[in-house]
Amino acid sequence: QKAEWEKLKNEATVSKDGKHFELASNIGTPDDMDGVLDAGSEAVGLFRSEFLYMNSAELPDEDTQFEAYKKVVEGMNGKPVIVRTMDIGGDKHLPYLPLPDEMNPFLGYRAIRISLDRDDIFRTQLRALLRASHYGQLRIMFPMIATLDEFRKAKAIFEEEKAKLVADGTPVADDIKLGIMIEIPAAAILADQFAKEVDFFSIGTNDLIQYSFAADRGNEHVSYLYQPYNPSLLRLIKHVIDAAHANGRIAGMCGEVAGDQVAVPLLMGLGLDEFSMSSTSVLKTRSLMKTIDTTEMAKLADRAINECVTNEEVKELVEKNVFGN
Ligand code: PEP
Ligand code: MG
């Protein structure tokens, strides 16, 4: 089977009925680029930039970050690279950046909330990203956006730093797309309004499931509530995809569900444009996608959303109709 998948390395990702999907990799450091190229990924859909901070003894300076982003962008040779700005907090800590002791760190001071508060750190990162944008197709994504105000503030800081670099004569791309992670239910629900201002969405199912089902993603006692096929989640995802498309935007996904073999056919039916996952899942998923008819899947997704009521029912529906068991 592995040998069969290998043959797909240089092929585009196309469904049985000829629809193209973008199959991308999630990475944590520039060293992961070997895996991305080996898998024949069409993009980097999520560069978790916090690993640059976690693998350092102090805040990484602008030049250090610039080199890391440039390496990834150049490695992709013109294909898109989505860098997510620092997503620290929750379960990810930096020894040199003490965070408050919190009762609920996953509901606390993290990600864009820190970046907007500590805009010195945020500006350094944005400047490094802006400089790297000159070397390929770089896109920037903000994590843990809950409100449109947060996005507008982040974008305003981005525009300020961009203007400064341009005034200095530093080359920066002038078409950098700015997107957000959809991983907080408030943002998912308001996706139709976000889509008017945000260039692209990437659905972060790891957190979106955690917050939708109110179940800590790392707590084994409530792990039964990790329900990636639950119609409730599927409805939310459909709403996000439809809102993106109604405004001519791209909807992607970079949580674990994007590479889940039961979810992938349903997501194709719902019209998700981009699937970003661990590089080791890319060829297997491309192989599956080639066998899927999107018109049929649109009907199946509709049944999953409107007729099924549990996670298990959806799973069985897909297993029976797609995998014949
Ligand atoms: C997610 O929440 O789904 C996601 C991709 O981000 P992370 O797993 O890094 O929180
Ligand atoms: Mg997340």
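Residue numbers count from 1 along this sequence. One-based numbering, in listed order, for ligands and for the atoms of each. Computed from a predicted structure; not experimentally measured.
- Across every non-hydrogen atom of Gln227 and Asn311, the tightest pair is C-OD1, 3.2 Å.
- Of the options Ser276, Gly45, Cys254, the smallest heavy-atom separation from atom 5 (C) of ligand 1 is shown by Cys254.
- Protein N/O/S atoms nearer than 2.8 Å to the Mg ion (ligand 2) total 2.
- An N or O contact shorter than 3.5 Å is missing between Arg110 and ligand 1 by distance.
- In Met277, neither the side chain nor the backbone holds a heavy atom less than 4.0 Å from any atom of ligand 1.
- Between the side chains of Asp168 and Thr170, no donor-acceptor pair is found at a separation under 3.5 Å.
- In this structure, NZ on Lys9 lies 8.0 Å from CG on Leu283, to the nearest 0.5 angstrom.
- Contacts of Glu256 with ligand 1, taken as heavy-atom pairs under 4.0 Å, are absent altogether.
- Here is the list of ligand 1 atoms found below 4.0 Å of a heavy atom in Lys92: 9 (O).
- Residue Ile182 forms a side-chain contact (heavy atoms from CB on, under 4.5 Å) with just one option from Leu236, Val240, Asp207, Thr205, and that option is Val240.
- Remark: side-chain polar atoms of His239 are paired, donor with acceptor, to backbone N or O of Ile189 under 3.5 angstrom.
- None of Lys155, Arg249, Arg152 except one satisfies the side chain to side chain donor-acceptor pair (under 3.5 Å) rule with Glu197; the exception is Arg152.
- The main-chain N or O of Phe122 is never found under 3.5 Å from a side-chain atom of Asp119 such that the two would form a donor-acceptor pair.
- Residue Asp32 forms a side-chain contact (heavy atoms from CB on, under 4.5 Å) with just one option from Val72, Ile27, Val44, Asn26, and that option is Ile27.
- Within ligand 1, the atoms closer than 4.0 Å to a non-hydrogen atom of Arg217 are 2 (O), 7 (P), 8 (O), 10 (O), numbered from 1 in the order shown.
- Note on ligand 1: Met253 sits outside its first shell, no heavy atom being nearer than 4.0 Å.
- Heavy-atom contacts from other residues, nucleotides or ligands closer than 6.0 Å to NZ of Lys238 number 12 or fewer.
- Side-chain contact of Thr124 with Gln65: a donor-acceptor pair under 3.5 Å is absent, judged by distance alone.
- Side-chain contact annotation: Ser287 with Glu4, donor-acceptor N/O pair under 3.5 Å absent.
- Using a 4.0 Å heavy-atom cutoff, Gln210 is absent from the residues neighbouring ligand 1.
- At least one N or O atom of Glu183, backbone or side chain, sits closer than 3.5 Å to an N or O atom of ligand 1.
- At a heavy-atom distance under 4.0 Å, only side-chain atoms of Arg84, from C-beta outward, approach ligand 1.
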